[in-house]
Amino acid sequence: MYVYLKLMNELEQLISVQPYKDGQKLPSIRTLAAQFGCSKSSIIKALDELEKRHLIYAMPKSGYYVVKRADAVDFAPNGILDFAASAPDPALFPYLDFQHCINKAIDTYQKDLFIYGTVKGMDSLIDIVCKQLAGYQVFASERNLFVVSGIQQALSLLAAMPFPNGKEKILIEQPGYHLFIEYLETRGIPVIGIKRTSTGIDFDRLEQLFRTEDIKFYYSMPRFHNPLGSSFTKKDKQQLAKLADKYDVYIVEDDYLADFEQDSKADPIFAYDGSSHVIYLKSYSKIIFPGLRIGIAVIPDLLTPSFRLYKKQSDIDSSMLSQAALEIYLRSGMFDRHRSKIRSRYSARAACLDNALANEALRSRGLMVYQRPKQPIIHTHVTLDRTVSMPRLIQRLKEEAILIESIERDYLTAFPKENLLKLNATNVDETEIERGIERIGIILAQSVRI
């Protein structure tokens, strides 16, 4: 990342964290250069960019002053702590950067944006995404990349279309992605579940299902599983790739939080796939903003004709304006800057959540069990004692202005459900996380005694 882009992130953090008031002067350029260990020219360039984004303003021969945003998000409106919301933090959306990219896209591509596009997607976007995916150890040809209208569309197309293995059932992890569960059950698509925990899955059970059931594909979130927050090990991923090859079962790898990975050695299942049995899905919803509705599907050669046909019949193409704006956003370096910023903010919240849960689990005397992950992520879960009534706990917490969500919808209707409490801190400020978790622990103990 360019030095001044990194500085922009750090200066934004300085403005948001420190008790700066509207109109308060920032330290001098000389002071900032010494503080961040860089040249004055880099500081000036970063400040100029922040001024364009209306976060600060300059006074000739005086310096730079803070502009507090009128639309700043209140993390706790009316004192509410929202551990239920899974949507990204709106305060981190790159509004101004993306507005610039949309305007630039219209100027650059003009009439190309206002006619039907191609089923595969915009060539220039596929080109830059192909290069980006290589950074995730997903080395794929452009002919295998499809732009989709969000991961949900890719999943619905894959569930509906025929596969070369001639099989029909879909295997999904339990708990799992509630919208895909709803899609499968609403349409009566054959589906079975396999239990997943903080430590992974039972590979003996998985192999038995691969061997005895008519499994078309196995849908998995190997990295930062939602809602559990856990990840597969390297050994797990290698074993999955081998089983897929052995039993001719495809794996649909939903790597929707790849951009939040801190371990450079944590590769996706796709990196271990030697038999073209892994379908890789990449999302931009959590890292940029959900309304973008642009995702990437890496489809093996044998599946591309069917996927292309079903995609064309679904929506002809994905939004050309969104594709063009995303292409400019990725190519300009704005994405790298934004990713650095949001990873830093979410990492801080994830660490707060992890520490708070570990401490509360110790105090709970077995009512709450928390398995600390190798790398904390912004969402996670705890296992509650079976005597705890989840509906009653949710209601009691709501009365205390703490919102949590039932895990019911994350399971297939007939699948045995665990007594899990899922928590998401994307919309809870770091300063409030510990207080919220402590309060949950107190109310949990009270709920059991009632």
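Residue indices begin at 1 and follow the sequence shown.
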**Q.** Beyond-backbone contact of Ser220 with Phe232, side-chain heavy atoms, under 4.5 angstrom
**A.** yes

Q) Can you name the residues that form a side chain to side chain donor-acceptor pair (under 3.5 Å) with Tyr329, not counting sequence neighbours? A) none

Q. Which residues satisfy the side chain to side chain contact (heavy atoms under 4.5 Å, CB included) test with Phe139, sequence neighbours excluded?
A. Ala134, Gln137

Q: Using side chain to side chain contact (heavy atoms under 4.5 Å, CB included) as the criterion, list what pairs up with Ala84, not counting sequence neighbours.
A: Asp82, Leu403, Glu405

Q) Under the side chain to side chain donor-acceptor pair (under 3.5 Å) test, which residues partner Glu182, sequence neighbours left out? A) none

Q) Can you name the side chain to side chain contact (heavy atoms under 4.5 Å, CB included) partners of Lys242, sequence neighbours left out? A) none

Q. Partners of Lys195 by salt bridge (charged side-chain N to carboxylate O under 4.0 Å, His left out), sequence neighbours excluded?
A. Glu418

**Q.** Residue pairs fulfilling salt bridge (Lys or Arg N to Asp or Glu O under 4.0 Å) with at least one residue in residues 204-221, sequence neighbours excluded
**A.** Lys169-Glu213, Glu207-Lys246

**Q.** Under 3.5 Å side-chain donor-acceptor pair for Gln153 and Ser314
**A.** yes

Q: Provide the full list of salt bridge (Lys or Arg N to Asp or Glu O under 4.0 Å) pairs with a residue in residues 279-293, sequence neighbours left out, each pair given once.
A: Asp259-Lys282

Side chains of residues 350-366: which donor-acceptor partners sit under 3.5 Å, not counting sequence neighbours?
unit_1: Asp354; atom_1: OD1; unit_2: Tyr370; atom_2: OH; d: 2.6
unit_1: Asp354; atom_1: OD1; unit_2: Arg372; atom_2: NE; d: 3.4
unit_1: Asp354; atom_1: OD2; unit_2: Arg372; atom_2: NE; d: 3.2
unit_1: Asp354; atom_1: OD2; unit_2: Arg372; atom_2: NH2; d: 2.6
unit_1: Asn355; atom_1: OD1; unit_2: Arg372; atom_2: NH2; d: 2.8
unit_1: Asn355; atom_1: ND2; unit_2: Ala351; atom_2: O; d: 3.2
unit_1: Asn359; atom_1: ND2; unit_2: Asn355; atom_2: O; d: 3.2
unit_1: Glu360; atom_1: OE1; unit_2: Arg363; atom_2: NE; d: 3.3
unit_1: Glu360; atom_1: OE1; unit_2: Arg363; atom_2: NH2; d: 2.6
unit_1: Ser364; atom_1: OG; unit_2: Ala361; atom_2: O; d: 2.9
unit_1: Ser364; atom_1: OG; unit_2: Met368; atom_2: N; d: 3.1
unit_1: Ser364; atom_1: OG; unit_2: Met368; atom_2: O; d: 3.2

Q) If you draw a 6.0 Å radius around CD in Glu400, do more than 12 non-hydrogen atoms from other residues or ligands fall strictly inside? A) yes

Q | Test item: Leu243 and Phe210 side chains (from C-beta on) under 4.5 Å apart, heavy atoms | A | yes

**Q.** Pairs meeting criterion ring-ring contact (aromatic ring centres under 6.0 Å, His included) with involvement of residues 154-181, two or more places apart
**A.** Phe163-Phe217, Phe163-Tyr250, Phe180-Tyr219

Q: Just jot down the side chain to side chain contact (heavy atoms under 4.5 Å, CB included) partners of Thr431, sequence neighbours excluded, or say none.
A: Asp429

Q) Can you check whether Pro190 reaches Ile170 side chain to side chain, under 4.5 Å on heavy atoms? A) no

Q. More than 12 non-hydrogen atoms from neighbouring residues, nucleotides or ligands closer than 6.0 Å to CD on Glu168, yes or no?
A. no

Q | Among Ile126, Asn144, Val147, the one residue meeting side chain to side chain contact (heavy atoms under 4.5 Å, CB included) with Lys120 | A | Ile126

Q.
Restricting to non-hydrogen atoms, name the atom on Asn427 and the atom on Ala87 that form the minimum distance, rounded to 0.1 Å.
A. ND2-O, 2.9 Å

Q: May I ask you to test the Leu326-Val129 pair for a side-chain heavy-atom distance under 4.5 Å?
A: no

Q. Taking atom types as modelled and ignoring hydrogens, do the side chains of Ser149 and Ser318 form a donor-acceptor contact shorter than 3.5 angstrom?
A. yes

Q | All side chain to side chain donor-acceptor pair (under 3.5 Å) counterparts of Asp255, not counting sequence neighbours | A | Arg223, Tyr280

